[in-house]
Amino acid sequence: MPSVDAGAAPAGEAEATADAESTTARKGGFEVRLANFTGPFDLLLGLIAKHKLDVTELALATVTDEFIKYIRRLQELGEGWALDEASEFLVIAATLLDLKAARLLPAGEVEDEEDVALLEARDLLFARLLQYKAFKQLAAHLGETLENEAQRFPRQVALEPHFAALLPELIWRHSPEQFAAVAAKALEPKDTTPPEVGVDHLHGAPVSIKEQAEILGFRLQFGRPLSFRALVADAESTLVVVVRFLALLEMFRDRVVAFEQPAPLSELTVRWTGRPEGWSSENLSEEYETVAAPATQRETDPEEHANE
Amino acid sequence: MSDYEDAVAGLAALGERPGGARAALEAVLMVIDQPASSEELAAGLGLTVAVVDELLAGLQRDYNGYTVNAPGTDADGSPADAGASSAPRGFELRNVAGGWRIYSRPEFSDVVGKFVLDGQTARLTQAALETMAVIAYRQPVSRARVSAIRGVNVDSVVRTLVQRGLVEEAGTDPESGSLLYRSTSYFLERMGIASLEELPPLSPHLPGLEGIEEFFDAERM
Amino acid sequence: MSDYEDAVAGLAALGERPGGARAALEAVLMVIDQPASSEELAAGLGLTVAVVDELLAGLQRDYNGYTVNAPGTDADGSPADAGASSAPRGFELRNVAGGWRIYSRPEFSDVVGKFVLDGQTARLTQAALETMAVIAYRQPVSRARVSAIRGVNVDSVVRTLVQRGLVEEAGTDPESGSLLYRSTSYFLERMGIASLEELPPLSPHLPGLEGIEEFFDAERM
């Protein structure tokens, strides 16, 4: 089903390929007509179909070049191509490239671990591709059925007045102010669901900026100026070093510490400048409070910063 | 007589379909919400008003249970009457205020009334209340837009609000062609306010409204 | 057998009216604005489900244009079939999303479309269809899992499907805590099927299913 209602297309996928098509028309020379692929599997299936290959055949290398050429083209087009999509494409391109490279090697020698891993990667790719193919076929069926069904119009007429009159009188207890509150809540943007980013592969222990600021504050407030090196001497991991540095920046913004560094890359000395009492890490700038306020959120914050 | 030729052409096209022009007319009558005049029906079906009037009369008799041979049936043997039955149906075709619509037969109003009342509550659901709020503050607004704002499909809820007289149709969107809805004077009455201007402003609850507005426009379907 | 007695009493009362129980059922079908199950209809009419099912089947045949003597018609001569006609009507009675409802016949979609302004929604994109398929066959399912199957992020597509009322949230996964999604009854309605079992089976599309299935369960997010 190449004809896709572009008007209703959700952002991302359709836009990227729409751009791609127009560019192809302009530049020419690129043999693959950039159809409206909905993802890497779709593209892969498209290329396999074009070469009349069976998905189950070991001829994927034939389409690898084209696949990678296509990715490169998409990359050149740049904008409108979402990061997560790009990475999916690249993961598959990398797998294909591996497989293609493996085919250039003498056959029949599956001995070392790398070869086994490659075979597993191939099986994984095949399996995912087959699964996707199945759902794509079912999607076509859904599309046809929905289209056929749209030919029928259900009877859903308004209730005849004498029946409507039978309905019990509506109970309405909302004052205009309460109603406005309902409206404000209903009109609040709900689109706060963050895209699901997998963090399973991250194993950093939870480190909180406030917690580290508390430690730093305690050491500086009741002692002499300390070098950054000394302040992080007991840090058990790089993550703690990073978080302590961020905490210092926060404290600097709150004007409770000052820095001294005689020359670039030389020793950084930190000095307490705040009043001796009345400071606590709870007073850190609001920006961090909003990020770190909920107890559950706090744990993941340092990780996020560490990632950046 | 181009009208006549058009009508014949229309009849021919419809005649090839199962049930012919009569069934086409029935199909329309069965799903339209607002009564339609014979002129409107004729225009939509590509038939002359005379032909539509005849078909309408045939359907009316048919639903009322006259048989093909009963008195009052046209003798011209038009295909419209070929399928007429002998027992009245549970519905009837009525011409009300210049428009035709299919209604349930009054003999069964007690049964139908009982069915309609079953499961009806006197209170609006939270979903209905929120939808009402969005319509009141964003009117005139299409269902698609309310759906986008609320993040769920609101078709049946809007129908309930219309049925309850709190919301009414307000023309169509010139761009998308979709129906627009607005609040009714009954809504104002229930809120105890004289006009929409008396609705409390949203700004205190909702800072940065402008940005949100854009956001929803971009997301529009 | 109080059920039976009730049913007989109901039948008797309705039987005295023109068109009888069949017409009463038709009258109710005229006012419902969403599919009604045979149980709901039976309760509203004071008939047994078995009787209502038989009446519904009779009406369905009747609207489709079978004559009384046509094959497939019950031989018991129930009043439901007394008025059956030979030409199909412009509408049909269908069992969709677990309930019965009257629809205009698809042959007249072009004509009816002119009169029904807001009935139809825009077509789904390829991406939306694929996402819908995965959710329909793997429900309840998280977005992450749908993404894994489709190979692309599906957040915005799922949001669109939720707004269109085709998909809804179905709690959270006890392990990962991520939101789960399932298809709605509106999806069944739009598909014209009574339940999810009527979807074509997935297995023929998946070669060598056994091994793969295990494999994907392991991959499950």
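First the proteins, then the strands, lettered A, B, ... as listed; each starts at 1. No experiment lies behind these values; they were computed from the predicted model shown.
Contact record, A/A184 with B/L202: N-CD2, 3.7 Å, taken as the closest heavy-atom pair. Here the closest non-hydrogen pair linking A/P154 and B/V31 is O-CG1, 3.8 Å. Closest approach of A/W172 to B/L166, counting heavy atoms only: CZ3-CD1, 4.2 Å. Scanning both residues, B/M30 and A/R155, for their nearest heavy atoms gives O-NH1, 2.9 Å. Summarising the geometry of A/P176 relative to B/P200, their closest heavy-atom pair is O-CG, 3.3 Å, with the distance given to 0.1 Å. Taking both residues in full, the closest heavy atoms of A/L166 and B/L117 are given as O-CD2, 3.4 Å, listed atom of the first, atom of the second, then distance.
In this structure, chain A has heavy atoms under 4.5 Å from both the backbone and the side chain of B/S104. Proximity to chain A involves both the backbone and the side chain of B/R190, based on heavy atoms less than 4.5 angstrom apart. With a threshold of 4.5 angstrom between heavy atoms, B/A136 approaches chain A through side-chain atoms but not through N, CA, C or O. For B/Y137, the part sitting under 4.5 Å from any heavy atom of chain A is the side chain, from C-beta outward, and nothing else. Proximity to chain A (any heavy atom under 4.5 Å) is restricted, for B/I193, to the side chain, taken from C-beta onward. Interface remark: B/I135 contributes no atoms to any contact with chain A (heavy atom separation under 4.5 Å).
Per-residue counts of heavy-atom pairs under 4.5 Å with chain B were compared for A/V182, A/L170, A/I171; the largest is that of A/L170. No other option in B/R123, B/R159, B/M191 has as many heavy-atom pairs under 4.5 Å with chain A as B/M191. Considering only heavy-atom pairs separated by less than 4.5 Å from chain A, the leading option among B/V134, B/V112, B/T131 is B/V112.
Taking the side chain as every heavy atom from C-beta outward, A/F163 and B/S109 approach each other to under 4.5 Å.
Atom-to-atom distance recorded for B/M132:CE and A/H174:NE2 is 12.5 Å, nearest 0.5 angstrom. Expressed to the nearest 0.5 Å, how far CD of A/Q178 lies from CG of B/L129 amounts to 9.5 Å. B/D155 contributes atom CG, which lies 8.0 Å from atom CD of A/Q156 (distance to the nearest 0.5 angstrom).
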Legend entry - Steps toward side-chain contact (heavy atoms from CB on, under 4.5 Å) verdict (B/R138, A/L187): CA-CA 9 Å; B/R138 285 286 176 272; A/L187 288 165; 4.0 Å; yes

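Around atom CZ of A/F252, no more than 12 heavy atoms belonging to other residues, nucleotides or ligands sit under 6.0 Å away.
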